[in-house]
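Order of the sequence lines sets the chain letters (A, B, ...), proteins ahead of strands, with each chain counted from 1.
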There are 2 protein chains.
Amino acid sequence: MSTIANPDSRHNARTLRADAQRNYDRLIRAAEALFTERGADTSLEDIARRAAVGIGTLYRHFPTRDDLIAQVMCQSTAAIVARGDTLLRSATPAAALAGWLRELVGYVTTYRGLTAALATSYIGSGTQLCSGCGQIEKAGRALLARAQAAGEIRRDADVREVILTAHSAAWISEQTKDPAAIDRLLGILFDGLRTIRPTQRKRSSPRRRSGRRRR
Amino acid sequence: MSTIANPDSRHNARTLRADAQRNYDRLIRAAEALFTERGADTSLEDIARRAAVGIGTLYRHFPTRDDLIAQVMCQSTAAIVARGDTLLRSATPAAALAGWLRELVGYVTTYRGLTAALATSYIGSGTQLCSGCGQIEKAGRALLARAQAAGEIRRDADVREVILTAHSAAWISEQTKDPAAIDRLLGILFDGLRTIRPTQRKRSSPRRRSGRRRR
DNA sequence: ACCTGAACACCGTTCAAGT
DNA sequence: ACCTGAACACCGTTCAAGT
C-alpha cells in the first residue's frame, strides 16, 4: 500500500521524495519534447536545461542516455507488447506477424535516431532499454512461433533476426525519408520469410526469352 | 602528359605541390590505420596527429569526413565495381547478383561505423562518397537487370532498395558481431527477391497439425 | 599555394559543496 | 536524500598568421 505518486511516469515504481519525483517528471517531459524536435541524440544538457534542472540531476535519475530513452518510450513499449497479445488471437498467423512487424517499425521510428540507439543496445550490455526489448522479443517470439506452427513461416527463422531485420528496414526508411520504401522492403522481407520456396533451380543457363512482362 | 605523382593515392588526379602531395598521402594512410583500429568515426584530430600534420591541412584536403572516407575507400570501390563487371559475365544471373551483394556487405563493413556513414550520405547531399555510390549503384543495376531479364528476380525490385537492404543486413551484422547472422539475413532477403512466389493463400484458417519438424 | 595551431563553440561526465 | 553547477576532458571547425 505504498504511495505511488505517478505510476504512468514512473516505470520502476518506488517512492521518491516529492521534489525528486517532480524533477523526474519534468525530465521525462523535456526529453520527450526534445527527442521529437531534434531526435534521440539531442544534447543531454539541453534536456536538463529545458527541464529547469541541473545536469547532475539528470544523471542521477538516468545514468545513461539509454535509461532515459527507455523510460520515455515506456508506454509505447507497453502498447506494442499488448498489440502482440491481441494479434495472437487473430485468425491469420502470418498476417498477424506481418502486421505486428509493421507496427514495430513505427515504434522504433518514433524519434529520429532511435533505431540506431535501440539496435546498439539490443545486443549491448543490459541497460534499461533491454528490459523493454526483452518484452518485445517475447511478443514477437509468440507471433512467430504461431505462424511457424501454422506452416506459413520458415522454421529456421529466429526471432532476434526477424526483429532486427524489421529494425533495419526502419533504419533504411529513416535514411530514405520515402514512406513507400518501407512497405516494399517489409514486403520483400516477409516474402523471404514464407515457407514455400520456388523449386530450386540449380545451374540453369540464363534463358533469355525477353521475359514477358506481367502487368 | 601531366605528371601524376601517385595515381593510386590520388583519385581526383590533379597535380599537387610536392609537400601537399606528401601530406595528402600521410593523411590517407593515417586515416586508413585509425579507421581500422577505432572505426570510421575516429577523431579527425587524431588522424591529423598521426599523420603529423596540422588539423587545418586535413580540412583543406578533405572538407568533410565523408570526403576522407571516400578517398580511403577509393580502391575498394573500384574493386567492387570491377567485380560487378566480372559477375555480369557469369552463367547464372541470380547467383551473380547474390554473390555480388554478399561482397557488397563485405565492402560496407570494412570499418566499424562505415555502414552508418555510407547509408547517411547515400541519400544525403552530394559529397564525394556519393560518386563512389553512383558507380556501385550502376554495377548493381546491371546485375539486377540481367537477373530480372532472366525471369529470376522480381520485376518490381529497385536497385536502390536492394542495395540499401544489403546495406542494412550489414548494419545488423555490425551490431550483432555474429558472422553467421549475415548469411541467414541475406538468404531471407534474397528469397524475398525471387520471382516465383508461393500460391497466395487467402484467409486460410490456421491449421494446427503440430508441424512436423524437419531436422 | 599551402601549412599551422590557437581559438571558439559545444558536448558528456564527474564530483565537491550545498540544502 | 537529493540537487547544483563548476570543472575537466574531448571533439569539430574556423581563421589569422606564417612560409
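No side-chain donor from either of B:Glu174 and B:Thr109 sits under 3.5 Å from a side-chain acceptor of the other.
With rounding to whole Å, A:Tyr59 atom OH is found 18 Å from D:dC2 atom C1'. Spacing between atom CZ of B:Phe62 and atom P of D:dT13 amounts to 15 Å, rounded to whole angstrom units. Taking atom CD of residue A:Gln21 and atom P of nucleotide D:dA1, one finds them 17 Å apart after rounding to whole Å. Taking atom CZ on B:Arg17 and atom C1' on C:dT4, their separation rounds to 13 Å, with Å as the unit. Rounded to an integer number of Å, the gap from B:Asp19 CG to C:dT4 C1' is 12 Å. With rounding to whole Å, A:Asp67 atom CG is found 15 Å from C:dG12 atom C1'. What separates CZ of B:Arg26 from P of C:dC2 is a distance of 17 Å, to the nearest Å. Taking atom CG of residue A:Leu44 and atom P of nucleotide C:dT13, one finds them 7 Å apart after rounding to whole Å.
Comparing B:Gly56 and B:Asp46, the nucleotide of DNA chain D nearest to each residue sits closer to the 5' end for B:Asp46. Along DNA chain C, the nucleotide closest to B:Ala20 and the one closest to B:Glu45 are compared, and the more 5′ of them pairs with B:Ala20. Comparing A:Asp41 and B:Ile55 along DNA chain C, the residue whose closest nucleotide (by nearest heavy atom) sits nearer the 5' end is B:Ile55.
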Base-pairing string, 5' to 3', of DNA chain C - Watson-Crick or wobble, under 3.5 Å, | interstrand: ||.|||||...|||||.||
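Of all heavy-atom pairs between A:Val108 and A:His167, the closest is CG1-CE1, 3.7 Å. When every heavy atom of B:Arg154 is checked against every heavy atom of B:Gln148, the shortest pair comes out as O-NE2, 2.6 Å. Pairing each heavy atom of B:Leu101 with each of B:Ala166, the nearest pair is CD2-CB, 4.0 Å.
Distances shown here put a side-chain N or O of A:Arg60 below 4.0 Å from the OP1 or OP2 atom of D:dC2. For the OP1/OP2 pair of D:dC10 and a distance below 4.0 Å, the side-chain nitrogens and oxygens of B:Ser43 include no atom meeting the criterion. Checking the phosphate oxygens (OP1, OP2) of D:dC3, a side-chain nitrogen or oxygen of A:Asn23 falls inside 4.0 Å. Contact annotation: A:His61 does not reach the phosphate of D:dC2 (side-chain N/O to OP1 or OP2, under 4.0 Å).
Sorted by first and then second residue, the ring pair (Phe, Tyr, Trp, His ring centres under 6.0 Å) pairs involving residues 67-105 of chain B (not counting sequence neighbours) form an empty list.
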Stepwise, does the side-chain hydrogen bond (donor to acceptor under 3.5 Å, both in side chains) test hold for A:Asp25 with A:Gln21? CA-CA 6 Å; A:Asp25 291 341; A:Gln21 180 67 51; 3.1 Å; yes
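Two residues are said to be in side-chain contact when any heavy atoms from C-beta on lie closer than 4.5 Å; A:Leu68 and A:Phe35 meet this criterion.
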